[in-house]
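Per chain, numbering begins at 1; letters A, B, ... match sequence-line order.
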Amino acid sequence: MEVVIASSPVDAGIGCWDLHSGAEQLRYRSCTSTPHGLACVGQRFLASSQLRDSSSSSGSILYWSWSKPQVEVKSFPAEPIHPLVSNSDGMYIIGGGSSGAIYFWEVASGRLLKRWHAHYRAVTCLFLSDDESLLVSGAEDGCIRVWSLFMVFDDIGMEMAKNPYEYSFSEHTLRVTDMVSGYGGCNAIIVSASEDRTCKVWSLSRGKLLRSIDFPSIIEAVALDPGEHVFYAGARDGKIYIASINAETTSSNSYGKHIIGTLSDNSKGVTCLAFSKDGILLVSGSEDGTIRVWDAKTHNIVRIYRLAKGPVNNVLVVRRPLYSNRQTSENSHSSFSRRHAPLLPPPLGKYVNSTDENVDSGAVSVPQTPSSDIMDAPYLSYHVLTKQISELQVFFIFLS
Amino acid sequence: MAAFKHFQNMYDISLKPRLLRSLIRDHLPDEKHPFPRPSELSIVVSAIKTHGLLFESCREPVDPKQVDNWKTAIDAWVERLLLLASSKMPDKCWAGICLLGLTCQDCSSDRFLASYSVWFQKLVAQIQPPSASHFVKVASCASLADLFTRLGGFSNLKKDGTSHAGKLIQPILELLSDDSSEAVWEGAVDLLRSILIYFPASVHRHYDTVEAIIVSRIMSEKCSATISKKFVYCLALLPKSKGDEVSWSLMMQKILISINAHLDDAFQGLEEETKSNEVIRHLVPPGKEPPPPLGGQPMSGEASNQATKASEQFILHRVSLLVCSCCTMLTNPYTIQVTIPVRPLLALVRRVLMVDGSLSQALLPFFTVIQQESICSDLPLLHLCTLDLLTAIIKGVRSQLLPHAADVVRLLTEYFRRCALPALRIKVYSIMRVLLISMGVGMALYLAQEVTNNAIIDLDFIAYGWGRASYNPNSKATTEALHQPSHRKRKHSTITASFQVQQSGVGREVETVKNKQVTPIAVQIAALQALEALLTVGGALRSESWRSNLDLLLITVATNAYDGEWANEEKGISVLSFEPNCTWAEFQLAALRALLASFLSPSRVRPRYLSDGLELFRRGKQEIGTKLAEFCAHALLALEVLIHPRSLPLVDISSRSQGEFVSSFDHRLPENLFSVSQKNNNCTFPGDILVMDDPELDDDLYSSWLGNGEETDVPMSVPDKQLRSAQELCGKDVWQATGDCLAEKILSDSTGALFLMEGDGGATGAAHMEIGGNGNVIMTESEQVQEIVRNNDVEAQDKDIVISTGSFTLIEGKPKKGKAESNRIYASKVATTISSFSVVNGMDSSDPVAAAATAKSTPAQGGLITTLISEKGRGLSLEYNTDASMDSFPDIVDGDPDSD
């Protein structure tokens, strides 16, 4: 089931709607998420980093399982965590701290595997490349850095290398608000948005700025057309601008160079964007607490959900496993879902355990579908029979 | 009754019961008839298999009487089998049991469910009495195994199956602990495996006994390799019977400790003593009790001291079996999540791979040559299975290898430098391939240099024969030189030189190579596959240092692989082949695959050897019926996108008014595609050509087209005329005139584009865009015209969407090269683009280039048609390239734009 999940900085819980039917699912309670601080970990559970009042020195990351509205696991990292991402199989959670450090946790054991100083100012957004070997981080000072995760874990290589990062882009002058990457592994492009009212298109393989586009308003969120023909930029003025990624366009446009259109319904500022799997439905979250689903082809609004009175600051479109769909009829299915829904992992650790004496690295093998076994056990009797017949024949010949 | 009733044909269902009855009558023994020759039985089996005599179901509904008839025939069959199975004569009994096993496999579900417990009783009786012959025991084991395999398919019978299987464990253990024949062991272990796979819970009660017996069989020297492998597999499956994390981890820990202890014995004197402790330290945390030894009895360490040194060879054999069991545990699915002890596993791998049989100086006196010889002869096997273990670790821990990836890579590269045996090199290449594909570009950054260097050695059968290259330390120096930028140029030029030599005398070169002892083909194939993986994941990022070398190497190899003709896949076993199954044809395929990867891997300019490669693929495609031809067809398809890059807009303008079609298209209903001719608009650009060519095209669209674009006064629906006007246009003077000025524009404008890229914001305008948009031009214009007609208000927007195509690499690549060569192909397209753009644009005077283009290209309206034709008919555009561009373009580069 493809669902839209959304969260808000004010406590309105995490809303969850079926993208296609529009039916609201369970609402997960007590979440005040940071921008980019909502993640679905390996389709198994939801995680969100929480806004903290400035007095508390530690951060907070909460887990919800699909089937229960309450917070199930609470973790308290050493500092407030802003953006949160997870890799596709849900083995790792990566968070960006307010000091500019990046935290790398192993989900299954909760261990903090690595913490490194990535930026001078707070990290604002994070994402993993296509093949999940590169991590891209954006910071409050406008700096964007590309990290090879291998390098991060390779202490020896790190010492030899000139820079710990692969690239560092400093063309943005103000806070990076959102980043998104395209298709194509190491040849992908990155689109970043910043408070300096520009969006910039970067080439990952060459580490260069390809294009900078000025917008009439600050862009809070970007989403990339799956065909990478255009990208969508959600602005504070409430419009979603459509900008072309690589083709030249005439400047006769009313919005500015490279901007070729807008999606708009005169609402408040757009704070977050996400594409559905089919690449046609575009989901946007707004300052006014609503979530709109647009048809990118017709530019019409297909659906509107309401999350909260306050602003929405995260929307994600995720696939949700079907078993957790059954919380409605409690008795008949609770045992089922309990058996099949894996228990949530332990809380995330606070510090890197530098004395890694004997602790197993905690690698976990995921149980796979047992169907692959069938191939291992072919029927035997036919082979045994033919083998024995030929043996017998030899015997008979020997006799006669 | 049936004697005169003939069958329809050989598929007739009434044939089946009749055949079955004749089989029972003529070929099966019964109480009175003695057992026929065994060949009779194979007739029965083959008839049953071929005609599906036991299926009891058919595709079409048939007369229930016939079904009944079939049913009674099978009843009779089963009855006879059961009778035979309880016969006192071992041969009859054997036949009955074997055929019963076959029936378990083939009969209908209903019949199986109704009678399996009866059959089970019958079969289980045969493995228990000690008097039964081995033949019968083996056959009953196999039949029982099939019964459980079939039963395992019914998920609702788990409990029943488990209780049945539980009754079998004791008899199986007896069979296994008997010192009976190997065949019986094999049958019993196969049966055990089936039970462990489908009804693991039934073994739970006997866990320790089963473990002890399996381990004792693995450790004994009596079993042959294949049977040992089966025991090993059962050992790996055993934890499933408990199904919890503890038993899995305990089993893994026990096996690793056992391996380590064996290695202690085997590697005495070959490594430092501390190595062993390192692994143990990871396995058993200090202060914790070590687990009981594998199989319950102490074996290595003290026990093996009793074993004589003569069995040293066998120690390594045991180790490889245990390692194999580890691999199975790592890669086989388990019921729940378990923690894989990555650290000790990797420590173990490192320990083995570090031992190469060399002796430290201090130990020389204590070691006899014979001892060293014996260990050295077995080490490669051990290394091989350790590399297998490494592969299994990588597969098992998946993305969680990340924290250890650098370690693994370092270990592997270090090993690779020393590794000189073909089988080992193949294994290392394959591990690198797995690493590259699974871990992506980050891994490519690490491995690129190593893979490239090694592959150059293995594939460079021009300059460096393998025999010298990997043994001679000097040649290592030459590869080292490849690292250093200062030397790269020299190396590159030598390869280039040899490539040119190659080009001139391919046949001869290959001949000499063939006669020389070079790298085994299997290694070369592995090297090519590793290169393919490297290019696939990491061709773009930081690849400057190795990419050009590699591209050159691959085209050289592919050209050489094609030595006049493609090898025949069936009989093409070359003299060169190392293993009989590695043929020259496979090498060719591997070479072409790698070549395709080299073309497709992102680069900033057009792949240099593209046309050479295309030629190879085209020729390869002609080898009808081979894998090579299939692959070449695929390669040509893949490269088509490279030549006509697409960046397709989401919104198909023509479809806006055809919402219905779009939705049906989205749901992939291909039957709708051509039902209405207008829908052809949706098929990218060939579709548009279709529209142009199709005289039956939708009237509405057609007239609107004609009506709007006032320039298009040439009636386009008449193909003859189209062609004629095209030929007219292809007249040299016109073409060259347009071509000249446009090519000039390209150069100037694309330089402008470069500045623009750097953020310099020039007024380059539309020309730049058109350069990028080389592939989709035709679609562009046709859609736009429609758009103008249908939807005037959105025109400005949509034009932008449609035109935006192309890529940055293209734009920036050109001015850097600054050569006519790179522009050649695009020139024709750009020419047509620009002129057509002006058509669409309706002579937009604010656009200088388009205006210029329209001004220069004499018949402006003709440009459109030329575009279509030169795009469509490859012949025309090719002709243009060869005729006009070759001699005219050099002039353009430094010539005067106003020369015409």
Participant: Please look at B:L283 and chain A and tell me whether the side chain, the backbone, both or neither of the residue comes under 4.5 angstrom of a heavy atom of that chain.
Facilitator: neither
Participant: Sort out for me which residue in A:Y165, A:W147, A:F153 forms a ring pair (Phe, Tyr, Trp, His ring centres under 6.0 Å) with A:W116.
Facilitator: A:W147
Participant: Heavy-atom pairs under 4.5 Å with chain B: which of A:S390, A:G227, A:C186, A:G207 has the most?
Facilitator: A:C186
Participant: Sort A:K200 into side chain, backbone, both or neither according to what part of it lies under 4.5 angstrom from a heavy atom of chain B.
Facilitator: neither
Participant: Could you check if a side-chain atom of B:L102 sits within less than 4.5 angstrom of a side-chain atom of B:K49, using non-hydrogen atoms only?
Facilitator: yes
Participant: Could you grab the distance from atom CD1 of B:I340 to atom CD1 of B:I393, nearest 0.5 Å is fine?
Facilitator: 9.0 Å
Participant: Among B:A139, B:A405, B:S399, which residue has the highest count of heavy-atom pairs closer than 4.5 Å to chain A?
Facilitator: B:S399
Participant: Can you tell me how far apart CG (B:L401) and NZ (B:K395) are? Round to the nearest 0.5 Å.
Facilitator: 13.5 Å
Participant: Indicate yes or no: at least one non-hydrogen side-chain atom of B:L345 is less than 4.5 angstrom from one of B:L330.
Facilitator: yes
Participant: Filter on salt bridge (Lys or Arg N to Asp or Glu O under 4.0 Å), then keep only pairs touching residues 149-158 of chain A, sequence neighbours left out; what's left?
Facilitator: A:K114-A:D155, A:D154-B:R410
Participant: Side chain from CB out, backbone as N, CA, C, O: work out which of these in A:E132 comes under 4.5 Å of a heavy atom of chain B, or both, or neither.
Facilitator: neither
Participant: Which atoms of B:E245 are under 4.5 Å from chain A, going by heavy atoms: the side chain, the backbone, both sets, or neither?
Facilitator: neither
Participant: Using side chain to side chain contact (heavy atoms under 4.5 Å, CB included) as the criterion, list what pairs up with A:S205, not counting sequence neighbours.
Facilitator: A:N187, A:S203, B:A540
Participant: With chain B, which of A:V384, A:L204, A:I389 has the greatest number of heavy-atom pairs at distances under 4.5 Å?
Facilitator: A:I389
Participant: Between B:D91, B:V441, B:D146, which has the largest tally of heavy atom pairs under 4.5 Å with chain A?
Facilitator: B:D146
Participant: May I ask you to establish whether B:R542 and A:Y167 are in a cation-pi arrangement, using a distance under 6.0 Å from NZ or CZ to the six-membered ring centre and at most 45° from the ring axis?
Facilitator: yes
Participant: Does the side chain of A:V152 come within less than 4.5 Å of B:L402's, by heavy atoms?
Facilitator: no
Participant: Measure distances from A:E228 to the heavy atoms of chain B and classify the residue's part below 4.5 Å as side chain, backbone, both or neither.
Facilitator: backbone
Participant: Which answer fits B:F135, side chain, backbone, both or neither, if we ask what part of it has an atom under 4.5 Å from a heavy atom of chain A?
Facilitator: both
Participant: Going by the angle between their ring planes, with limits at 30° and 60°, are A:F275 and A:Y232 parallel, tilted or perpendicular?
Facilitator: perpendicular
Participant: Please look at A:I242 and chain B and tell me whether the side chain, the backbone, both or neither of the residue comes under 4.5 angstrom of a heavy atom of that chain.
Facilitator: neither
Participant: Between B:V45 and chain A, which part of the residue has a heavy atom less than 4.5 Å away: side chain, backbone, both or neither?
Facilitator: side chain
Participant: Using a 4.5 angstrom heavy-atom cutoff, name the option from B:A95, B:G442, B:G101, B:A183 with the most pairs to chain A.
Facilitator: B:G442
Participant: Quick one: which of A:E166, A:M151, A:H383 has the most heavy-atom pairs under 4.5 Å with chain B, could you say?
Facilitator: A:E166
Participant: Counting heavy-atom pairs under 4.5 Å with chain B, which one of A:S133, A:S148, A:S88 comes out on top?
Facilitator: A:S133
Participant: Is it the backbone or the side chain of A:L149 that comes under 4.5 Å from a heavy atom of chain B, or both, or neither?
Facilitator: both
Participant: Tell me which of these, B:G187, B:A406, B:A142, has more heavy-atom pairs under 4.5 Å with chain A than the rest.
Facilitator: B:A142
Participant: Looking only at non-hydrogen atoms, find the nearest pair between A:R206 and A:L210 and report the distance.
Facilitator: NH1-CD2, 4.4 Å
